[in-house]
Every structure is written in C-alpha cells, then in structure tokens.
Amino acid sequence: MSNHGYSESLSFGGSGHIQGQQVVPFRTGSISLKFQLLHGNLVILVKEAKNLPNMDAFHKTLGDIVARLPGTGSNKITSDPYVTVSVARAVVGRTFVISNTENPVWEQHFDVPVAHYASQVHFVVKDSDVVGSQLIGVVAIPVEQIYSGMKVEGTYPILGSNGKPCKPGAALSLSIQYIPIEKLTFNNNGVGLDPDHQGVPGTYFPVRRGGKVTLYQDAHVPDGCLPSIKLDDNVEYEHGSCWQDMFDAISQARRLIYIVGWSVYHKVRLLRDGRTDCMLGDLLKNKSQEGVRVLLLVWDDPTSTSIMGYKTDGIMQTNDEETRRFFKHSSVQVLLCPRSAGKGSWVKKQEVGTIYTHHQKTVIVDADAGHFRRKIIAFVGGLDLCLGRYDTPEHPIFRTLQTVHKDDNRNPTFSDRVVGCPRQPWHDLHSKIEGPAAYDILANFQERWLKASKPRGIQKLKAHDDALLKIERIPEIMGMADLPQSSEDDLEAWDVQVFRSIDSNSVRGFPENPKDASSMNLVCGKNVLIDMSIHAAYVKAIRAAQHFIYIENQYFLGSSYNWALYNDLGANNLIPMEIALKIVKKIKANERFAVYIVIPMWPEGVPTSTPLQRILFWQHKTMQMMYEMIYKALLEAGLHNRYCPQDYLNFFCLGNREKPSGEESSAAKKINEANKKEANTPQALTRKNRRFMIYVHSKGMIVDDEYVIIGSANINQRSMEGTRDTEIAMGAYQPHHTWARKLSSPHGQIYGYRTSLWAEHIGFLEECFKQPESLECVQRVRSLSEQNWRQYVSDEITEMKGHLLRYPVEVDQTGKVNHLPGCATFPDVGGNILGDFTAIQENLTI
C-alpha cells in the first residue's frame, strides 16, 4: 500500500528521535471523539505484529537504485517494521526496528509522561527503509477507553488510508494503561519527601546519598557584595566563588584534570584580583608537566577550520582550533569532538553535524580526601571556560572595560567590536559536586571520551593508546564504594543525581542490542538509544512542586503541541505545559502557587536577525499558551475578577545602567562626535543611553526551596530531546531541609542560594521574599521589576541598584500577551519583542 499523503516531521533531524511530530493522513475513528486531558503517565506494552505487508515490494524499484549507491548496501527482503506512539500528534515513544520480517515481536515496555489534550493514542506501524520511513498503517485507541485507568489490552487490526486493514490479517498486539497524575505517588508529597531515596526513577544514573554540593552564582562573588543570609539553626550562608574554587581545584590536582566544554579557551583568566595573571592554558600545561593527566573534550565547531595555514574562527567563535593549536606540542591532550549523527540518511547526518553541538560543561579533578588518599570532585553547570563569562553580581557594563574586562570585552549584539560600547554582562549558575555523584560525572566523561577517541579510517591501522586513567588501578584514588558513608543524622548531607540529554552516537557503553535499552533506562530512537533524564527530572520536580517554582534559563519554549497556532512545530518538551497545569490545579484547589521565570531580554546575537526573531516568536507562543490556560482556570473557578494570570506566573529579564564618570563622559562625547553618521545605530544608542541587558545564560530551577536542578540544558527542544545537543545536569536536595521534614518552609542551602540570587537581582531582601508563593511576594517582586523597567527605559540616566526587570510584555486580565504600549521593539537595539516568523520552519531555533 502506498503512503500517499503521509508526512512525518520529527523535531530534529528526521525519524531517529523520540519527541517529534506524527501526522496520520487519514481518519482513524469517529469525528465525534471527545478530547480529554491526559496528565500523568502512559504505561504501554507493544507486543508484536502479524501479517504485515511487504512494503519493499511497493518501493522495490527506488530501493534497488538507492541500494546500488556507495555506502547504502542493503540486504532487505521484506519490511523492517517499527512502531511509533503519538498523542496529539506528538511522538512519545518508539520501538526499535526489527529487520526483514512481517511478523515482528518487540515485547517493548514504555512508561512515558503525558500532558496532552487528545482524543486518541496512535500506534503507527512503519517500515524503515533506505529512502525513509514508509507508513504501513495505524491502530488508534480512543482516549475514552483508557481514561478510567483500566488497562486496555488486545490485538487490533492495522488500518490503512481507506479505513480497512492494510493487509488481511495485519494486526498489532498491545496493552495501554493511563495512570492519572493524582495516582502517582510523588505528586502530592513534595519534591523532598523521598524516604527511600529513590530520586528520579527510571534514569541512567541513580540518586547518590551522602554528597556535598556547593552552589554558585556568576563566575566570581567578591567578599561583601551580597547581604548576609541566615539559614536554619542560625547558620550563615556562604556565597561561593566559582572560578576561584575551580582554579584552586585545578591547581591542587595530582592525578587527573578532565574538562568538557562547548568552548574552552586557553587565554581565559580564572582569577582577576591581581594575585595572578595565569591563563588557563598555562595552568593546564604546568599541571601536565607535573605529571597530571590533562584531557580536554571540546565541541568541534564544523564552521571553524585550520588547514595548511588557512584559518577561520567559526560562526560560534568557540576558539576550538586555536585552543587545539596552543596545546599541540604539549602533553595536554585535546580532543575536538564533532556532533555525529551515526547511522541515518546523508541529510540527517549533515543536519546533526552542522546544527547541533556538544553542550556539556564539566571540570573533573582529583582532590585531597585526607589520610593520604584522593577523591574525585566535579564542577557542573552553565559556565564554559572561555571569554565573556567572567562576571560578578554587580554586572558592570562600562566601568570595567579598561580593567577587569580589558581583554575580555564581548558583545555579540554588535557585528563589530566598537570602541566605547557596553560589554554584554553575563549571569550564570554552576555547582561543585563532592561525593558519589561526582563519579557519575566522571563516568559521563569516560563514556564520551571513549566514543570520541575511537579510531576511524586510517587511524584504525595505528596502535591506539587510551589516555584515560584507570583509577581503579591507582590505590591512592578512592572509588565510589570507598567513600565514607554519611550518617542519617548529618544535617548538611545531600542526595545528588546526575541527568543527561545524550544518545548512543556520543557515548560508548550503551547496549548494542536495542532490546536491552530498558535495562539501562534508555529510550529508543529509530537507529539510536537515548538518555532523556534531564527532561524526566524537570517533569518530576514540577509535578511534585507544592508552593513555588523559580527558573533561570537562557531559553524558555516548548509544549508546542498545545499552542493555538504552529502546533506542528515539534518543540514537544512538556515543561511549559506541566508548569501551566500545576498552576491550573492549584487554582482549582484555591491554593497559592507562584512561578518566577528569568530569561534574557533577547537571545544572544543580533535581535533583528531571522533566527533570533523566530526564537522570540516561539517564546511568545509558549507564554501565550500558558497564560490562556491560567485565565481559563480562573474563569472556571469564578476567580477571574479577583486574581489575574500574573498573580501566578511572571517572566522577568535582567538589565543594567551606569552613570558616566567625568572622564567617561568626555570620552563618550569624542566617540559620538567621530561617529555622527551612526547616531541611530545600536552601538551609538547604547553608548548614549548607558544601558544594556544582562545576559541570562543560567540553566537552573529551584522548587519549594528544597530541590535544585543546575546544568547545561536550556528549556527548549534541542536541549531536552537527547538526540540534539548533548547536555548534563545535577538535581539535588538536603533530606533534612525539606517541607516534609520541617513541616514549614525549609531554610537550608537551597533557600540560601535562591535568596542570594534574589538579593543579586533585586538589590536587597525583604521579609516577604521568604514566602515566594504568597500573593504579597508575587506582587511586590512584580512591582519592583516594573519600577526597574521604567528606570531602564527612562530618558534620565541613573544608577540601577536592582537589575530585575519585568519582561517587556503586557499580559491582560484574560491572559492575552502583547508588547508594552509604545515599546514593540527592544530599547536601543531593535527587534520585535514578540518575534516574527517568515518562510519555512526549521530545526535550528527550537
């Protein structure tokens, strides 16, 4: 049977991925089927299919031609079937491919979170072919049949486009059960109630008990720049200084220094307090000369080259080739790692290799464990060791251009480096992990290094020396099992869990046989196994939240399947939908709940450019979907005249202004006189108005002051799907500092961290900030952000004590999101605040 009219548009790079779009081109049931909200988990078993048609017979001629092409040898005799499971056209599961059979047996289990309005669950049977996947047929299970929670099990005819079986006797055996969120054990207990220390279940790395976590804001926090914060038992919160601690850890390493980065630049200086001018590259060379094994695993930007003296910097300016050249004749080993698609079509390989990146940021070293032993510690978060990242909570834009940032003045908003323009301040979140979970971060490095260093081509003829240290053979270094066990009475102990977005094209150690994927808590793509545990961690934490959620992230877009328009985009991560449903649930129960989301004013780069306008457009659609759901809940509860949607959900950004000194004023005047023709350019306007956004590069979430997630993953599809950008994150909490244990607001380290971040952004602390879920706190923070916005856009230049700005949109009483009156574009730099979409959809911006 032909697949006439069938189209499949997966979110990234074709049919190898989990979260994508599944379009069924024909009706599979009664048009009167009721759409209902599936919010919880679907427990699915795809057993087997019988009597499938031989799809190769329908495509034999074209298949024969392709099979004769170099590198596409095929022994196909009949269909290579697999099944995708989709809800609201969003793919939520996929079986592995079984070659050359018309009677495949999968026996594959799925336990997938859902937050979708749907009338049917589709099981789409397909044939994997060298020319692309071909539709065999569909089994549609009405949501009404599973909504009660009863297991639905049976053998169903596989229907073709005419509504009849695609072949006499063609059938699919399956079972499906819907577990509503109310019946999930963790839903009503809060994140921190985890007496059995299970953490996020069903993930590659389990939760590890007895660790220690240090939480960082920005690269450096000078002494005294943030207020004193008291924790439980009158403990003083310590503001960590990330790059200082990282410099010390690298300096004190004796055995190994393993660094992973999207960008690692040898010229960056971790310390800028005048004590040392040592650059990272020199520090690493020195340690290597001392006998320390120094390995760097850096994303290989395909647009940067260094061939026979011809050099290009690359679109992303990651300095990967320059760093490789710097270490070339040293004992520091640098592996530039391209983002590889592995198996798949030529088109898919080009897309993955060109568009997607290795985005993890970790530093792993051995450290003193006492008693002449060493242990592994690891840093993980959003900070790359490169230019443009060093900043403090003050986030200066002009006054450090000739001092701390003299050789580190970066602003991608301007196409050229222009004299006198503001630097782009950088706000980020990072962490240090000590204890068992640090060894999981080491395992991630080892798995990635082994995959990336695998000899290819002519290198296979050479002896391959594995650079990784075998730490189990070094008695001095403690293994995970050797670490001292913390006591149940240790009030400062942490439970820590490592999460990833990564697939089998980027790591060694995933099962060769896809049937074994579930044993390691991996999911199947068409030709790949996937670790999607970062997405799982966010979903579980949001579902368990009881009071408030605080998010800082470089991007915020997703759940496009529930947008009013462009709902076929493929940005199908559940995070925005789960947040909106959490608020809806609290409104129905007449309980307080608040969500604070801090994002950049605009994505990094030129805000008028097409890619950035598209990202802003998708961001606007995400906001609109969430606010409309909140308004509808208020309306149904009869609370729409009492509360507004922003009493529950608010978006913010960060910005700064600086009054010029006398010397700066005269210098600026000379620059402006010399560039009169450019009076209305972004460069001239930012110089004149002395203002610029603070770029939010954070990737973190705090729930109820008891649970924190920090890592490299953005809240968009490319970070969450697992087959696009490779990511790593940690989720952690202190068992003695939870709502369940305290029966009130916990004031442990996570509370201190969130409060410290608010002190940085707002400029001071108030009593109401201790209860972020309260209406008083929500309205106070929103009021302060509105005051700061007015100061930011004012014609009068004044020093800003607080950096937290309202995101420049207006949300009306009914949840409609528009730009602020008279402010459709970003101040000084232009670009529509609500974004714009033209031409065709692509995968880069989601």
* salt_bridge(Glu476, Arg373) N-O dist < 4.0 Å -> no

* Could you pull out the closest heavy-atom pair between Cys524 and Ala517, with the gap in Å? => SG-CB, 4.3 Å

* Backbone of Ala467 reached by a side-chain donor or acceptor of Arg293 within 3.5 Å -> yes

* With side-chain contact (heavy atoms from CB on, under 4.5 Å) as the test, would you mind laying out the steps for Leu469 and Ile474 before giving the verdict? => CA-CA 9 Å; Leu469 289 181; Ile474 305 174; 4.2 Å; yes

* Using only heavy-atom distances, determine whether the side chains of Gln108 and Thr95 contain a donor-acceptor pair under 3.5 Å. => no

* Hey, are the side chains of Leu284 and Phe327 touching, using non-hydrogen atoms and a 4.5 Å cut-off? -> yes

* Asked: Given Ile250 and Leu283, is the side-chain contact (heavy atoms from CB on, under 4.5 Å) satisfied, shown in steps?
  -> CA-CA 8 Å; Ile250 292 172; Leu283 175 62; 3.6 Å; yes

* First locate atom CE of Met480, then atom CD1 of Ile376, and finally report the distance between them rounded to the nearest 0.5 Å. => 10.5 Å

* Would you confirm whether Asp482, through its side chain, and Gly479, through its main-chain N or O, come within 3.5 Å as a donor-acceptor pair? => yes

* Asked: Taking 4.0 angstrom as the limit, do Glu321 and Arg324 come out as a salt bridge?
  -> yes

* Asked: Quick check: does any side chain N or O of Asn286 sit under 3.5 Å from a backbone N or O of Asp282, one acting as donor and the other as acceptor?
  -> yes

* Asked: Would you call Ser128 and Val97 a side-chain contact if the rule is heavy atoms closer than 4.5 Å?
  -> yes

* To do: Assess whether side-chain contact (heavy atoms from CB on, under 4.5 Å) is satisfied between Leu385 and Leu270, documenting all intermediate values.
  => CA-CA 8 Å; Leu385 300 180; Leu270 299 181; 3.9 Å; yes

* Decide yes or no for Met730 and Val708: does some side-chain heavy atom of the first lie under 4.5 Å from some side-chain heavy atom of the second? => yes

* Looking at Leu256 and Ile364, what are the two nearest heavy atoms and their distance? -> CD1-O, 3.7 Å

* How about Arg255 and Ile477: do any of their side-chain heavy atoms sit closer than 4.5 Å? -> yes

* Asked: Without hydrogens or angle criteria, can the side chains of Thr323 and His266 be said to hold a donor-acceptor pair below 3.5 Å?
  -> no

* **Atom NZ of Lys515: over 12 foreign heavy atoms under 6.0 Å** => no

* Does the side chain of Thr726 pick up a donor-acceptor pair with the side chain of His358 at under 3.5 Å? -> yes

* Asked: Are Gln360 and Thr362 linked by a side-chain donor-acceptor pair shorter than 3.5 Å?
  -> no

* Asked: Looking at Val380, Asp384, Asp428, which hits side chain to side chain contact (heavy atoms under 4.5 Å, CB included) with Lys361?
  -> Asp384

* Indicate whether any N or O donor in one side chain lies under 3.5 Å from an N or O acceptor in the other, for Asn553 and Lys699. => no

* Over all atoms of both residues, closest heavy-atom pair of Pro113 and Val539 -> CB-CG1, 4.2 Å

* Asp391-His220 side chain donor-acceptor pair, cut-off 3.5 Å -> no

* Evaluation steps, side-chain contact (heavy atoms from CB on, under 4.5 Å), between Met279 and Phe326 -> CA-CA 12 Å; Met279 294 183 180; Phe326 176 81; over 6 Å; no

* Check whether any side-chain heavy atom of Lys451 sits under 4.5 Å from a side-chain heavy atom of Ser506, and report yes or no. => no

Identify all side-chain donor-acceptor contacts of residues 491-502 below 3.5 Å with residues at least two apart in sequence or on another chain.
unit_1: Glu492; atom_1: OE1; unit_2: Gln734; atom_2: NE2; d: 3.1
unit_1: Glu492; atom_1: OE2; unit_2: His737; atom_2: NE2; d: 3.4
unit_1: Asp495; atom_1: OD2; unit_2: His197; atom_2: ND1; d: 2.5
unit_1: Asp495; atom_1: OD2; unit_2: Tyr733; atom_2: OH; d: 3.2
unit_1: Gln497; atom_1: OE1; unit_2: Val200; atom_2: N; d: 2.8
unit_1: Gln497; atom_1: NE2; unit_2: Val200; atom_2: O; d: 3.0
unit_1: Gln497; atom_1: NE2; unit_2: Thr203; atom_2: OG1; d: 2.9
unit_1: Gln497; atom_1: NE2; unit_2: Phe205; atom_2: O; d: 3.0
unit_1: Arg500; atom_1: NE; unit_2: Asp531; atom_2: OD2; d: 3.3
unit_1: Arg500; atom_1: NH1; unit_2: Asn444; atom_2: OD1; d: 3.0
unit_1: Arg500; atom_1: NH1; unit_2: Glu447; atom_2: OE1; d: 2.9
unit_1: Arg500; atom_1: NH2; unit_2: Glu447; atom_2: OE1; d: 3.2
unit_1: Ser501; atom_1: OG; unit_2: Ser719; atom_2: O; d: 2.7

* Would you please name every residue forming a ring-ring contact (aromatic ring centres under 6.0 Å, His included) with Trp449, sequence neighbours left out? => Phe445

* Distance-only, no hydrogens or angles: does the Arg272 side chain make a donor-acceptor pair with backbone N or O of Arg269 under 3.5 Å? -> yes

* **Greater than 12 external heavy atoms within 6.0 Å of Gln485's CD** => no

* Any side-chain donor paired with an acceptor under 3.5 Å for His697 and Glu604? -> no

* **Interatomic distance, Asn521 atom CG to Met532 atom CE [nearest 0.5 angstrom]** => 13.0 Å

* **His427 (side chain) donor-acceptor with Gln217 (main chain) under 3.5 angstrom** => no

* Check the angle between the aromatic planes of Tyr204 and Phe510 and answer parallel, tilted or perpendicular using the 30° and 60° thresholds. => tilted

* **Any donor-acceptor pair under 3.5 Å from Lys287 side chain to Ser251 backbone** => yes

* To do: Look at the side chain of Tyr237 and the backbone N and O of Gln749, then say whether any donor-acceptor pair between them is shorter than 3.5 Å.
  => no

* To do: Kindly check if the number of other-residue, nucleotide or ligand heavy atoms within 6.0 Å of NZ (Lys470) is above 12?
  => yes

* **Residue pair Leu450 / Asp466, side-chain heavy-atom distance below 4.5 Å** => yes

* Asp248-Gln244 side chain donor-acceptor pair, cut-off 3.5 Å -> yes

* Within 6.0 Å of NZ in Lys432, more than 12 heavy atoms from elsewhere -> yes

* **Minimum-distance pair of heavy atoms, taken over all atoms of Ala438 and Ile433** => CB-O, 3.6 Å

* Distance (rounded to the nearest 0.5 Å) between Phe96 CZ and Tyr82 OH -> 14.0 Å

* Does CD in Glu290 sit with more than 12 non-hydrogen atoms of other residues, nucleotides or ligands closer than 6.0 Å? -> yes

* To do: Answer yes or no: does atom CD of Glu107 have more than 12 heavy-atom neighbours from other residues, nucleotides or ligands under 6.0 Å?
  => yes

* Asked: Taking C-beta and beyond as the side chain, do Tyr555 and Ile715 meet within less than 4.5 Å on heavy atoms?
  -> no

* So, Asp366 side chain and Arg254 main chain: donor-acceptor pair closer than 3.5 Å or not? -> yes

* To do: Measure the acute angle between the ring planes of Phe379 and Tyr216, then classify it against the limits of 30° and 60° as parallel, tilted or perpendicular.
  => parallel

* Ion pair check, Arg325 and Glu322, cut-off under 4.0 Å -> no

* Asked: Any idea which heavy atoms bring Asp490 and His736 closest together, and the distance?
  -> O-CD2, 3.3 Å

* Would you kindly say whether Ser698 and Gln554 are connected by a side-chain donor-acceptor distance under 3.5 Å? => no

* Asked: With sequence neighbours excluded, what pairs up with Asp368 under the side-chain contact (heavy atoms from CB on, under 4.5 Å) test?
  -> Arg374

* **Side chain proximity check, Leu271 to Cys278, heavy atoms < 4.5 angstrom** => no

* Structure fact -> On a heavy-atom basis, the closest approach of Ser756 and His239 is OG-ND1, 3.0 Å

